[in-house]
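FYI, side chains are in, hydrogens and waters are out, and symmetry mates aren't considered; it's all heavy atoms of this structure. Each chain gets a letter, A, B and so on, in the order the sequences are listed, and its residues count up from 1.
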Amino acid sequence: MLTRYHHKKVEKYWQEKWAEAKIFETKKNISKKKYYVLEMFPYPSGKIHMGHVRNYALGDVVARYKKMCGYNVMHPMGWDAFGLPAENAAIVEKKPPSEWTYQNIKTMRHQLQSMGLSIDWTREIATCHPEYYKHEQSFFIDLLNSGLAYKKKSLVNWDPVDKTVLANEQVINGKGWRSGADIEQKYLSQWFLKTSSYAEELLADLDKLNDWPAKVKLMQSNWIGKSTGAEIKFDILNPDNLSNKSINVFTTRQDTIFGATFCAISLNHPLAKELALMDKNVYKFIKENSKINPEKEKNGFRTAVLVKHPFIENKKLPVFIANFILMEYGSGAIFGCPAHDQRDLDFAKKYKLDILPVILPKNENPKNYKMGLKAYTGDGILFNSNFLNGMEIEGAKKSVLNKLISKNAGKEKIYYRLRDWGLSRQRYWGCPIPVLYREDGEIIPVAKKDLPVKLPSINNFVSSGNPLDQINEWKLTKCPITGMKAIRETDTFDTFFESSWYFLRYCNPRSKEALVKEDVDYWLPVDQYIGGIEHAILHLLYSRFFVKALRDTNHLKFNEPFKGLFTQGMVTHQTYKNINNGWLSPDEVSFDENKKKYKDNKNREALIGKIEKMSKSKKNVVDPTKIIEIYGADTARWFMLSDSPPSRDLEWTDSGVGGSHKFINKIWNLLVEINSIDSSSLSPKENYILNEKTNETIINVTNNIDEFHYNKSIANLHELTNLLQKLIAKKTVSKDCLLNSLKKLALLLQPFVPHLSEEIWKELKGSGLAISNQWPESKNKLSKDYCYIAIQINGKTKEVLKFDKKSTEEDIKSIALEKQKVKKMIMNRKIKKFIFVPEKILNVVLL
RNA sequence: GGGAGUAUGGCGGAACUGGUAGACGCGCCGGAUUCAAAAUCCGGUCACUUCGGUGGUGUGGGUUCGAUUCCCUCUACUCCUACCA
């Protein structure tokens with residue numbers, strides 16, 4: 001046996017053993033309970049980063065633990081392989097995107113394998129492979145035929161740097177999610193999926209996702225953004241030569257209708273367009289204001305149009321065109337009630353419009369009520385409001401609605417913020433959209449027998465525009481039905497399309513059909529999905545939609561893809577800057593003991609920055625391959641799991657990694673020590689302490705794994721290790737008892753540090769592989785015949801005493817009161833009463 | 001502007017439904033071992049203290065025999081979202 005633990009040899013050895021035994025290759029097995037563990041698959045960017053290490057270490061704990069608990073575990077891995085970086089690399093490195101991608105996959109696969117993950121590599125998929133994307137082309141045709149996919153010309157978010165269209169979800173603070181460029185609005189003809197028709201179901205089903213973080217559900221719910229209100233028809237009084245005869249307005253505050261003093265419509269509203277044709281000034285206003293950010297300046301144009309108030313005879317409201325009204329939300333038109341909406345109030349002040357309060361705050365007198373400077377949006381009673389006077393807000397809303405319906409001037413209306421998913425991207429490295437534009441103007445799907453529509457290979461990549469558009473031999477084709485000339489769609493799918501169903505394909509990664517029903521039915525839904533919170537809306541919402549859409553096109557028959565979701569925190573690291581505000585990498589910075597200051601490697605002063613998410617731009621990344629090389633995969637994994645709760649950010653520190661490495665060696669030393677113990681000479685007087693602690697550890701580690709509190713599991717394992725170390729040194733426990741505890745420890749370590757676990761198991765002559773063993777079983781806690789009781793005075797603990805469990809309250813009282821400390825505290829004060837909690841507390845309450 | 005969350009030693013973090021605050025780890029201090037160092041092991045480590053105690057979980061208050069835990073107030077930080085009618 002080795003006296004020092006050699007991680008390089010050991011880790012390689014066990015990785016080979018697991019592979020030889022095909023231990024992680026899973027087969028469908030109806031007689032066994034399945035468990036599907038999945039971490040979000042990586043983009044093959046070049047090499048793995050610490051975020052991946054954390055993500056996959058977390059998932060591996062679940063997978064190995066569930067396997068040892070007897071589940072038939074599927075734990076696959078693949079590559080989210082389409083995307084823009086490959087095109088950028090193609091330009092810079094002058095090699096095709098496919099070559100770059102497959103090379104990265106090879107590197108990263110190797111890196112992941114060196115972590116010792118329990119992955120079934122036979123199920124590996126790459127989304128850029130035609131055998132993968134041909135199925136999604138087929139899905140798209142089904143969606144097209146069922147009306148869930150459609151094409152329309154629409155205002156889209158255009159990223160001028162990436163030269164492509166982005167979905168709303170991909171625009172963050174007006175900037176592209178990948179390029180960071182300011183997004184422009186452009187009219188383009190685009191493919192869409194009808195996510196909006198699933199808005200209600202996507203919202204309602206959130207309630208059923210009990211194993212999802214409340215935070216993610218809330219974010220999705222806000223994103224879907226359901227609001228219930230009324231659509232009110234305002235008839236146009238004049239001019240009477242307009243083709244628009246009325247304006248439909250959406251509101252959630254129909255109760256404030258009597259406070260309405262104007263209407264406003266969007267720059268893109270049909271009426272605005274009609275007016276622009278008639279009036280140069282309107283045209284000019286619209287043109288100028290489409291460029292002005294309404295956040296900087298809210299502008300309106302008072303048109304000559306007047307509309308009729310639905311309930312007040314003879315009341316006419318002016319109609320404005322305003323730059324802050326969104327055409328994409330509601331009906332693109334509002335009525336303004338300045339007293340109860342801050343924006344309307346600002347607008348009314350700017351254009352000198354009437355302000356009429358109609359909601360009276362509680363405890364105010366209607367006769368002398370004066371509005372404050374801000375719009376009042378709180379609770380109250382209706383006044384100045386005709387038939388609504390005296391009502392509460394909710395009642396007034398219903399009342400208005402009924403009246404509108406009876407007058408045929410409006411109806412109840414529900415709007416969702418969620419809009420349809422724009423799919424088209426003007427990129428090369430994506431899945432071609434399987435559609436042909438025939439010379440007669442018809443748009444037809446490619447025949448399924450002609451799938452996949454493969455990407456053409458490309459030699460010299462140009463930096464602007466869509467390369468597919470320029471390859472005529474690919475683009476020009478014929479209609480398979482009529483033989484007419486046709487042009488291929490040159491746009492490709494948004495890459496979120498691929499990631500919306502990859503978890504299904506893992507069930508039958510090599511089959512000819514896209515989905516083998518019985519396999520998908522067996523494995524899905526994913527029992528535990530693990531990934532970053534940054535996908536809370538984008539990927540997770542698209543995937544949920546996609547499963548529902550596939551259900552409705554008869555590909556599967558369940559409603560939600562991910563039963564359990566866990567979102568882990570980021571891996572952060574200290575940042576450093578030089579005095580010119582430039583980033584310094586941690587390797588460049590050292591601490592100057594004399595000057596008590598940080599300096600860089602050229603002896604200039606360095607400043608400590610914030611602790612931030614590891615990123616290349618901030619130079620605070622730590623390369624996992626180096627860490628695995630120096631310390632081993634087990635150390636890296638152990639560090640990733642200790643200290644910080646998985647849901648929170650984890651700060652990478654060198655000392656923390658050192659500590660983890662020490663622990664691995666400490667455990668190994670236990671084995672070395674135990675072998676030097678002579679079994680015959682021992683008195684087994686403390687066996688029970690070790691047995692009890694071992695059992696308690698099993699209980700705690702198990703519970704903490706179940707609850708994703710791996711940091712606590714690790715603390716439990718530390719405690720047991722410390723005790724074992726102490727007892728081995730004291731030589732007061734029998735060797736059998738030590739060995740028994742150590743064996744259990746080896747199994748408990750398996751999900752966290754699997755290589756070390758196997759090595760210990762082998763040394764202790766355990767049967768088979770550690771990973772193939774049953775998770776240790778715990779007994780109920782041994783019941784002790786004594787207990788500790790805290791003696792408190794006025795709730796403050798003064799003494800902790802050991803008592804026989806059979807002691808009565810009276811016994812305990814008399815003993816406690818005789819204690820010097822207690823006696824002194826009481827002195828000549830009077831005892832008011834005793835609070836007695838059996839086996840826990842005796843509290844003496846003094847007057 | 002709207003929504004959500006967090007706040008505990010020098011640091012990361014424990015504390016089950018209110019019941020011994022600070023488990024476990026890091027760091028630090030002292031010691032052992034060593035020619036020396038690394039590594040390892042042992043002990044200590046919330047603060048103040050007249051060594052009897054006293055105070056202490058962001059602030060201020062409340063409920064309770066008893067509050068890190070429940071309620072209210074304020075403060076700071078983080079995240080999401082944003083003219084959504």
Side-chain angles (χ1 to χ4, degrees), chain A residues 4 172-174 214-216 218-223 225-227 229-230 249-254 256 263-264 266 293-296 298 322-326 328-337 341-344 346-347 374 377 415-417 533-534 536-537 569 638-639 642-645 648-651 653-660 662-663 665-666 669 673 700 703-704 707 709 711-722 725-726 729 788-801 820-821 824-825 832-837 839-846:
Chain A
R4 256 185 90 69
I172 294 146
N173 291 330
K215 188 184 175 173
V216 175
L218 185 72
M219 281 166 76
Q220 291 210 355
S221 154
N222 288 340
W223 188 262
K226 179 179 185 175
S227 48
V249 159
F250 176 66
T251 179
T252 54
R253 289 300 303 272
Q254 64 271 25
T256 64
C263 280
S266 164
N293 183 353
E295 241 169 278
K296 286 181 192 133
K298 287 185 175 53
N323 65 342
F324 66 94
I325 310 295
L326 301 169
E328 303 83 52
Y329 185 78
S331 56
I334 62 149
F335 75 75
C337 176
D341 182 297
Q342 191 57 44
R343 263 169 329 181
D344 294 351
D346 296 341
F347 194 80
K374 284 190 171 174
T377 53
Y415 267 104
Y416 299 90
R417 210 183 74 122
I533 188 94
E534 65 271 22
I537 295 169
W638 188 257
F639 175 67
S642 13
D643 285 358
S644 290
R648 285 206 220 167
D649 287 353
L650 169 103
E651 191 195 343
T653 60
D654 292 342
S655 58
V657 184
S660 298
K662 250 159 61 176
F663 178 77
N665 287 315
K666 188 169 166 177
N669 286 337
E673 302 276 318
N700 291 338
N703 290 342
N704 286 326
E707 286 163 36
H709 294 153
N711 56 323
K712 292 199 238 169
S713 297
I714 282 185
N716 304 143
L717 291 166
H718 269 291
E719 283 185 46
L720 180 59
T721 308
N722 290 344
Q725 192 177 50
K726 216 168 262 178
Y788 290 95
I789 293 183
I791 309 301
Q792 301 182 331
I793 290 180
N794 290 339
K796 292 268 175 196
T797 301
K798 297 299 166 189
E799 195 125 3
V800 179
L801 301 174
Q820 269 307 325
K821 247 188 191 174
K824 225 172 172 179
M825 294 296 299
K832 191 179 163 193
K833 62 171 168 178
F834 292 93
I835 307 276
F836 181 66
V837 183
E839 293 178 34
K840 268 188 180 163
I841 274 180
L842 177 73
N843 186 9
V844 186
V845 184
L846 300 176

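- Of the candidates B/A23, B/G13, B/G19, B/G13 carries the atom nearest the A/Ser644 side chain, counting heavy atoms from C-beta on.
- For the pair A/Asn703 CG and B/A14 P, the computed distance is 16 Å after rounding to whole Å.
- Within the 4.5 Å cutoff, no side-chain heavy atoms of A/Leu801 are placed close to those of A/Tyr788.
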Spell out protein contact along nucleotides 53-58 of chain B as letters: B when the base is contacted, S when just the sugar-phosphate is, - when no protein heavy atom is under 4.0 Å; keep the 5' to 3' order.
SS----
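- Between A/Ser642 and B/C24, a side-chain N or O to OP1/OP2 separation shorter than 4.0 Å is absent.
- Relative ring orientation between A/Phe250 and A/Tyr329 is described as perpendicular, the plane-to-plane angle rising above 60° on a 0-90° scale split at 30° and 60°.
- To the nearest whole angstrom, the two P atoms, one in B/U57 and one in B/G9, are 10 Å apart.
- Note: CD1 (A/Ile841) to P (B/U64) measures 18 Å, nearest angstrom.
- B/A76 and B/C41: their C1' atoms are spaced 44 Å apart (whole Å).
- A/Asn323 comes within contact range of no nucleotide atom at all, as no heavy-atom separation falls under 4.0 Å.
- Contact record, A/Ser644 with A/Asp649: OG-O, 3.5 Å, taken as the closest heavy-atom pair.
- In terms of phosphate contacts, A/Arg417 brings a side-chain nitrogen or oxygen within less than 4.0 Å of OP1 or OP2 of B/A82.
- When heavy atoms are screened at a 4.0 angstrom cut-off, A/Glu719 is found touching the sugar-phosphate backbone but no base atom.
- Annotated as anti: B/G27, whose O4'-C1'-N torsion sits more than 90° from 0.
- Residues A/Asn700 and A/Glu719 form no side-chain contact, since every pair of their non-hydrogen atoms from C-beta on lies 4.5 Å or further apart.
- B/C11 atom C1' lies 9 Å from atom CD of A/Glu651, rounded to whole Å.
- Contact annotation: A/Arg343 side-chain N/O to B/C84 OP1/OP2 distance is under 4.0 Å.
- Side-chain contact between A/Asp344 and A/Ile334: present, with at least one pair of heavy atoms (C-beta onward) separated by less than 4.5 Å.
- Rounded to whole Å, the C1' atom of B/A14 lies 15 Å from the corresponding atom of B/C46.
- Considering only side-chain N and O atoms, A/Arg648 lies under 4.0 angstrom from the phosphate OP1 or OP2 of B/G13.
- Remark on RNA chain B: of its neighbouring residues A/Thr797 and A/Met219, the 5'-side contact belongs to A/Thr797, judged by nearest-heavy-atom nucleotide.
- In terms of heavy-atom proximity, A/Ser227 sits nearest to A/Thr252 at CB-CG2, 3.9 Å.
- Ranking B/A14, B/G25, B/A21 by closeness to the A/Pro645 side chain, first place goes to B/A14.
- Pair assignment for B/G58 gives B/C74, based on Watson-Crick or G-U wobble hydrogen-bonding distances that are each under 3.5 Å.
- Taking 4.5 Å as the limit, some side-chain heavy atom of A/Trp638 sits within range of a side-chain heavy atom of A/Leu717.
- When heavy atoms are screened at a 4.0 angstrom cut-off, A/Ile835 is found touching base atoms of the nucleic acid.
- With distances taken from any side-chain atom of A/Thr251 to the nucleotides B/G25, B/A85, B/C65, the minimum falls on B/A85.
- In a base pair of the Watson-Crick type (N1 to N3 plus N6-O4 or O6-N4) or a G-U wobble (N1-O2 and O6-N3), with each distance short of 3.5 Å, B/C79 is matched with B/G3.
- Between A/Asn665 and A/Asn722, the residue anchored nearer the 5' end of RNA chain B, judged by the nucleotide with its closest heavy atom, is A/Asn722.
- Remark: P of B/U20 and CG of A/Leu842 are 14 Å apart, rounded to the nearest angstrom.
- A/Ile325 comes within 4.0 angstrom of a base, heavy atoms only.
- Under the Watson-Crick or G-U wobble criterion, with both distances below 3.5 Å, B/C35 is left unpaired in every strand shown.
- The side chain of A/Asn711 lies closest to B/A14 when the candidates are B/U20, B/A14, B/G12.
- When the P atom is used for both B/C16 and B/U68, the distance is 12 Å, rounded to whole Å.
- Separating the P atom of B/A15 from that of B/C48 is a span of 28 Å, rounded to the nearest Å.
- In this structure, A/Asn794 and A/Val845 have side chains that are in contact, with non-hydrogen atoms separated by less than 4.5 Å.
- With a glycosidic angle no more than 90° from 0, B/G52 adopts the syn conformation.
- Between the C1' atoms of B/U59 and B/C74, the separation comes to 6 Å (whole Å).
- In this structure B/A23 sits in no base pair that meets the Watson-Crick or G-U test at under 3.5 Å.
- Taking the side chain of A/Leu326 as heavy atoms from C-beta on, and the options B/C41, B/C24, B/A85, the nearest nucleotide is B/A85.
- Under the Watson-Crick or G-U wobble criterion, with both distances below 3.5 Å, B/G43 is paired with B/C29.
- Closest approach to the A/Thr252 side chain among B/A85, B/U81, B/G25 is made by B/A85 (side chain taken as heavy atoms from C-beta onward).
- In this structure, the CD1 atom of A/Ile533 is 14 Å from the C1' atom of B/G3, given to the nearest Å.
- Shown here for A/Gly795 and A/Asn843, the closest heavy-atom pair between the two residues is N-OD1, 2.9 Å.
- If you measure from atom NZ of A/Lys712 to atom C1' of B/C24, you get 12 Å, rounded to the nearest angstrom.
- Nearest to the side-chain atoms of A/Lys833 among the listed nucleotides B/A14, B/C65, B/U20 stands B/C65.
- In this structure, A/Gln725 reaches the B/C42 phosphate: one of its side-chain N or O atoms is under 4.0 Å from OP1 or OP2.
- Between the CD1 atom in A/Ile835 and the CD1 atom in A/Ile841 there is a gap of 10.0 Å [rounded to 0.5 Å].
- Taking atom C1' on both B/G61 and B/U73, the two are 7 Å apart, rounded to the nearest angstrom.
- In this structure, A/Asn843 reaches the bases: a heavy-atom distance under 4.0 Å links it to at least one base atom across the strands shown.
- Scanning both residues, A/Phe663 and A/His718, for their nearest heavy atoms gives CD1-CE1, 3.3 Å.
- Of all nucleotides present, only B/G53 satisfies the Watson-Crick or G-U wobble test against B/C48, with each distance under 3.5 Å.
- Residue A/Asn222 places its side chain closer to B/G3 than to any other of B/C65, B/G3, B/G13.
- Searching all strands for a Watson-Crick or G-U wobble partner of B/A14 with both distances below 3.5 Å returns nothing.
- Here B/U68 sits opposite no nucleotide as a Watson-Crick or G-U wobble pair (both hydrogen-bonding atom distances under 3.5 Å).
- Taking atom P on both nucleotides, B/C71 is separated from B/G19 by 15 Å, rounded to a whole Å.
- Going from atom CD of A/Glu839 over to atom CD1 of A/Ile789 covers 7.5 Å, rounded to the nearest 0.5 Å.
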